[in-house]
Amino acid sequence: MLDLKYIRENTDTVRKMLTDRQTEADLDKLIDLDTRWRENVTNTQVLRARQNEVSQEIAQLKKEKQDAMETIAKMRDLSQDIKERTAKANKDKVDIDAILLTIPNIPEASTPFGTGEADNIEIKTWGDKPSFDFELKPHWEIAETLDIVDFQRGAKVAGSNFVVFKGLGARLERALIQFMLDLHTTQHGYTEISPPFLANRPAMTGTGQIPKLEADMYRCDRDEENPDTDLFLIPTAEVPVTNLFAGEILSADDLPIYYTAYTPCFRREAGAYGKDTRGLQRIHQFDKVEMVKFTTPETSYAEHETLLENAERVLQVLELPYRVVQHCTVELSFAAAKCYDIEVWAPAGEKFLEVSSCSNFEAFQARRANIRYRPEAGAKPEFIHTLNASGTALPRVVIALLETYQNPDGTVRVPAVLQPYMGGLKLIGFGCDS
RNA sequence: GGUGGGAUGGCUGAGUGGACGAAAGCGGCGGUCUUGAAAACCGUUGUGGCGCAAGUCACCGUGGGUUCGAAUCCUACUCCCACCGCCA
């Protein structure tokens with residue numbers, strides 16, 4: 001979230017941001033509440049000071065064995081008054097915080113203004129789109145023919161848009177996970193994390209999924225009395241990994257911290273029904289390797305660029321052409337200040353598919369999750385900056401692999417870098433399931 | 001699932017309703033001493049809110065309550081530890 005003080009002093013900037021993002025938030029109410037709250041706090045404080053003072057006097061009287069009944073009686077009204085004012089202030093503060101949680105991050109200066117996907121800016125392209133001298137099959141057809149993905153039975157056990165990877169399909173998933181984790185840990189300096197696949201409400205709020213995207217998540221273990229103990233299936237490893245340091249004060253020597261994690265991701269895709277539902281493009285459960293960085297404010301934008309490089313490297317090594325686009329204002333996700341998408345080329349569908357979102361959240365998540373660091377010993381704690389990028393989401397990489405490396409006979413070549421992870425296998429053919 | 005114990009500053013750990021934002025120790029920082037370091041000694045050292053500031057207020061797991069006054073009493077909850085049962 002944004003700093004309340006910042007909003008107070010830069011209300012116009014915040015208002016413009018909301019317009020640019022085409023988002024609604026109750027900014028006027030926030031300002032009103034804030035004004036009232038501060039006035040109330042200031043007044044109550046004076047009364048409290050008086051109360052503390054007299055309490056000392058009472059203690060003194062008692063110590064001297066004098067009668068304090070009269071003084072105590074006088075304090076009763078004051079005490080009640082303070083209680084009522086405090087209750088009102090607390091209520092306003094709760095309302096203020098609730099609104100604060102709905103205000104998105106301010107886009108970083110380089111973010112282009114835009115009103116739709118078309119206004120995203122293509123930053124670069126890598127690799128040449130391959131050409132073929134035979135008719136390409138879409139990935140779902142290849143997968144079904146090779147019997148490596150079962151689209152029907154996934155729906156039977158869980159529901160539509162759940163899939164089952166089978167035989168070499170399952171092996172391919174495992175190989176990709178292993179390959180990506182190895183790449184990031186041995187080449188890019190990340191520490192591997194295997195986090196919980198469920199996260200509670202405060203964690204979901206910390207990274208910004210709640211309140212805005214609550215309906216997009218699977219919730220289990222609901223407890224009306226204790227909402228903080230509600231558990232959600234994670235929509236991304238970003239949630240448990242970023243929240244690892246929630247409420248902590250790190251030392252400057254600890255930073256930057258680079259973590260990478262494989263997790264399945266669960267998304268209800270509420271409101272996305274009927275959109276790209278064929279095949280592996282939009283499924284409710286998918287595998288992903290994520291990278292998360294914790295940095296100082298000074299270095300976060302340099303770290304953002306290397307983070308992007310680390311994610312790009314996955315596709316480069318797999319020799320899959322891609323492009324990088326920068327989000328425009330309206331496409332930028334709630335918590336992000338700046339975001340690049342990496343989109344892999346899917347030749348059969350002749351389109352680019354998003355396989356990684358590479359975001360700098362600046363202090364937005366850190367402020368929500370209260371993650372701070374001490375710039376130097378004895379200095380005041382400051383919020384750190386958090387960043388993350390998929391490195392990468394698997395199903396769409398599988399789409400690109402199947403479509404790019406398909407042969408006319410329906411078999412699929414295994415990219416060189418994955419062969420060691422596939423037991424030396426060079427070709428996904430028919431009738432071999434290991 | 002059952003029983004018992006616990007939650008206090010960066011860490012360990014005291015704390016009888018008014019002396020407690022909190023003992024003591026460790027650690028950190030600054031200094032004295034030293035060619036340098038160690039040791040020793042001295043000093044200093046939590047977080048946040050409101051306020052231009054002086055200052056002031058809050059915070060002892062979280063939320064309620066009792067009281068003129070709560071780290072301390074009551075209550076609900078959360079988490080942690082130990083043992084028993086069950087289980088991958």
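Numbers restart at 1 for each chain; the letters A, B, ... are given by sequence-line order, proteins then strands.
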*P atoms of G21(B) and C26(B), separation to the nearest Å*: 25 Å

Sugar-phosphate, base or nothing in reach of [X], heavy atoms under 4.0 Å:
X	result
Asn52(A)	sugar-phosphate
Arg8(A)	sugar-phosphate
Gln51(A)	sugar-phosphate

Taking only N and O in the side chain of [X], is any of them less than 4.0 Å away from OP1 or OP2 of [N]?
X	N	result
Asn226(A)	U78(B)	yes
Asn90(A)	A58(B)	no
Arg38(A)	G49(B)	no
Lys380(A)	G46(B)	no

*List the steps and the verdict of salt bridge (Lys or Arg N to Asp or Glu O under 4.0 Å) for Arg267(A) and Glu269(A).*
CA-CA 5 Å; Arg267(A) 297 183 184 179; Glu269(A) 302 289 358; 5.2 Å; no

*Flag the pair Tyr259(A) / Tyr190(A) as yes when at least one side-chain heavy-atom distance between them is below 4.5 Å, and no otherwise.*
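Answer no - side chains too far apart.
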
_Would you say that Leu387(A) contacts Ser359(A) through its side chain, given a criterion of any heavy-atom pair below 4.5 Å between the two side chains?_
no

_Lys/Arg-Asp/Glu bridge criterion (N-O < 4.0 Å) met for Arg268(A), Asp216(A)_ =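 Looking at Asp216(A) together with Arg268(A), the answer is no, because their closest N to O distance does not fall below 4.0 Å.
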
*Hey, is Asp81(A) close enough to Arg50(A) for a salt bridge, meaning N to O under 4.0 Å?*
no

*Are the side chain of Arg36(A) and the backbone of Ile31(A) linked by a donor-acceptor contact shorter than 3.5 Å?*
no

*Can any side-chain N or O of Asn388(A) pair as donor or acceptor with the backbone N or O of Met291(A) at less than 3.5 Å?*
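It does not hold such a pair.
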
*Please list, by residue number, the residues of residues 74-85 of chain A whose heavy atoms come closer than 4.0 Å to an atom of RNA chain B; answer none if no residue qualifies.*
Met75(A), Arg76(A), Ser79(A), Lys83(A)

_Heavy-atom closest pair, residues Leu146(A) and Ile428(A)_ = CD2-O, 3.8 Å

*Please report the shortest heavy-atom distance between Ala143(A) and Leu402(A), naming the atom on each side.*
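Closest approach of Ala143(A) to Leu402(A): CB-CD1, 4.1 Å.
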
*Given that Val41(A) and Ile249(A) both sit by RNA chain B, which one's nearest nucleotide is further toward the 5' end?*
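Per heavy-atom nearest nucleotide, the more 5' residue is Ile249(A).
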
*Both distances under 3.5 Å, Watson-Crick or G-U wobble: on that basis, could you give the dot-bracket string for RNA chain B, with [ ] for crossing pairs and | for other-strand partners?*
((((((((.[[[..)..(.....]]]((((((.......))))))(((((....))))).[[[[[..)....]]]]])))))))....

*Can a donor-acceptor pair under 3.5 Å be found between the side-chain atoms of Gln45(A) and the base atoms of G49(B)?*
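Present.
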
